[in-house]
Amino acid sequence: MSTNVRTRFAPSPTGFMHVGNLRTALYEYLVAKSLGGTFVLRIEDTDQERKVEGAVDIIYNTMRRAGLIHDEGPDIGGDYGPYVQSERKDMYLPYAKKLIEKGQAYYCFCTKERLDMLRESSDEPGAGYDRHCRDLPAEEVQRNLDAGMPYVIRQKMPLEGSTTFEDAVYGSITVENSELQDQILIKADGFPTYNFANVIDDHTMNITHVVRGSEYLSSTPKYNLLYEAFGWKIPTYIHLPLIMGKNDDGTVSKLSKRHGATSFEDLVAAGYLPEAIINYIALLGWAPKDNREMFTLQELVESFSIDGISKSPAVFDYDKLDWFNSEYIKAMTVEAFAAAAEPYFRKALGDMQLDRIKLASILQQRTVRLTEIPEKIAFFAEQPEYDASLFVNKKSKTTLENSPSLLKEGINALEALEKWDHDSIHDCLIGLAVELGVKNGTAMWPVRIAASGMSVTPGGAVEILDILGREESLRRLYKGLEKLS
RNA sequence: GGCCCGGUGGUCAAGCGGCUAAGACACCGCCCUUUCACGGCGGUAACACGGGUUCGAUUCCCGUCCGGGUCACCA
């Protein structure tokens, strides 16, 4: 028997992809793919007031860059379309009316003002709707309808008893029905609310596994009541632990914009690779059976299982993301890294023609985020003003006294070089150290400082000289010598 | 505040009645080394608390405390 597993990612087009959403999408993808199922993309745009131009494209782009390829969706179609809720608008009202017929829902003519007043006049923080229209006489309802009075449709919650549902992660959860509000199903503008559209769409799209953040845990009983009212099969619920952010005061709360770079686009702009981001967030709330940490998307599909999902919230840790990113960078080929780094090379060097592969090879092992690159190599384009004190280094045994002669000897040796390439420069300087009877570092230090003007550089003296080229190298070394005298 | 969920080192986390309580990140030290890194080796650091159940609880139950989520014509 092959009940096809179907999951859906149902973002609303807000203009950015929050990592919490991305992680939900990832898990939905993994649940589907690890079970040989289908991954559906559905756009939830029922809130006409919050519509953002171009936001859907951001969703497509993010999904593609993250590698989360959907099997059905607005852009590629499928058997259960349309996949945009605004295009399904007409589907929802009939379902709501069916509920009214069954006595599970009702028209409500209360104005927004009355609702606001209700809220304000109550001293209970959680006080909700007073069910004023719940038992309106049928004639009055009809009269209002005929008069064209604006209305919403509300779900009629049971006043007694309790509702229990099973969650694949959190287990059995029971809520007293008296806690449940008569939530709105259809808004005054005719659009369904998220909660209602969700149930209708998930059912009509044959979604078998509903994966979402645990912030929906407490509203799930309402969903179940809806499914039961229609006599529909209840999907498997998989609620995910929340991703938290650290606040300035040391507390934590649901990760949001105020915690910094928290959207996929933000993170990419901050110099993180999509693969590293995916790998990291996969491990926020899920752990494999073994100790493994490095996963490609495909490997995640192979290792994923629902019972590895944890219940407790996870704090988003930029340090760990940094580590993943540097690991991914180190694992790239130099060519791939050079390509990824190119925009940052340009930023620091402009049109200056330096060997990109050589640059990449000295940077690759020491780059955590791509965005660090420009500041690391800016000295190649223009040597910064530096102080002679940089020539002093205890470990290398260099001082203001011995540096001038050391540097002069270096210049002499280098000027005699026939070929200016890495190995020649290397052998030349090492040979010099031997000749002078000093440590390699002692001979190298003044050269590197004069060539770069920086105490810390990517690569050593040899690499820098090689990349800089003979002419510019010598020019800088002489300048250093001048500074020392 | 009501309701729901959670609670293993600073962070992510293994563990699912008996372990010297893994591993990773971060941090610290040492080594390597032409700087910084990288790499190698080692180290500091945890079962929130109190009751039970049991021969035995980090693991099961209850309570307390703490943390989070949720109570919209937002999703």
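Protein chains get the first letters and strands the later ones, always in sequence-line order, with residue 1 at the start of each. Every heavy atom of this structure was used, including side-chain atoms; hydrogens, water molecules and symmetry mates were not.
- Between the side chains of A/Ser263 and A/Lys257, no donor N or O sits under 3.5 Å from an acceptor N or O.
- A/Val447 comes within 4.0 angstrom of nothing in the nucleic acid, heavy atoms only.
- For the residue pair A/Arg448 / A/Ser396, no side-chain donor-acceptor distance below 3.5 Å is found, with atom types taken as modelled.
- Counting only N and O atoms by type, the side chains of A/Ser172 and A/Glu166 include a donor and acceptor under 3.5 Å apart.
- Within 4.0 Å of A/Ser253, counting heavy atoms only, lie sugar-phosphate atoms of the nucleic acid but no base atom.
- Considering only side-chain atoms of A/Gln365, the nucleotide from B/A75, B/C36, B/C38 that sits closest is B/C38.
- If you take NZ of A/Lys254 and P of B/A75, they are 14 Å apart, rounded to a whole angstrom.
- Between A/Phe9 atom CZ and B/A75 atom C1' the separation is 12 Å, expressed in whole Å.
- A/Thr457 comes within contact range of at least one nucleobase, with a heavy-atom separation under 4.0 Å.
- As a whole-Å value, the separation of A/Arg119 CZ from B/A72 P is 6 Å.
- Put simply, CE on A/Met454 is 13 Å from C1' on B/A37, counting in whole angstrom units.
- Side-chain atoms of A/Arg448 stay outside donor-acceptor range of the base of B/U34, with no qualifying N/O pair under 3.5 Å.
- Atom name P, nucleotides B/C28 and B/U54: the rounded distance is 50 Å, in whole Å.
- Judged by distance alone with a 3.5 Å cut-off, a donor-acceptor contact links the side chain of A/Tyr216 to the base of B/A75.
- Using a 4.0 Å heavy-atom cutoff across all strands shown, A/His426 reaches at least one base atom of the nucleic acid.
- Residue A/Lys395 is classed as a base contact, given a heavy-atom separation below 4.0 Å to a base.
- Side chain to side chain, A/His239 and A/Asp167 meet the donor-acceptor criterion of an N or O pair below 3.5 Å.
- At least one side-chain nitrogen or oxygen of A/Lys330 sits closer than 4.0 Å to the OP1 or OP2 atom of B/G39.
- The closest side-chain donor-acceptor pair between A/Tyr83 and A/Asp201, if any, does not fall under 3.5 angstrom.
- Distance, A/Arg366 CZ to B/G39 C1': 12 Å, rounded to whole Å.
- Among the atoms of the strands shown, none is found under 4.0 Å from any heavy atom of A/Thr442.
- Using a 4.0 Å heavy-atom distance criterion, A/Leu115 is classed as a base contact.
- At the heavy-atom level, A/Thr14 lies nowhere under 4.0 Å from the strands shown.
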Q: Using a 4.0 Å heavy-atom cut-off, write out nucleotides 8-15 of chain B from 5' to 3' as B (base contacted by protein), S (sugar-phosphate only) or - (no contact).
A: ---SSSS-
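- One C1' atom belongs to B/A26, the other to B/C19, and the distance between them is 26 Å to the nearest Å.
- Screening residues 157-179 of chain A for ring pair (Phe, Tyr, Trp, His ring centres under 6.0 Å) gives A/Phe165-A/Tyr237 as the qualifying pairs, with residues at least two apart or on separate chains.
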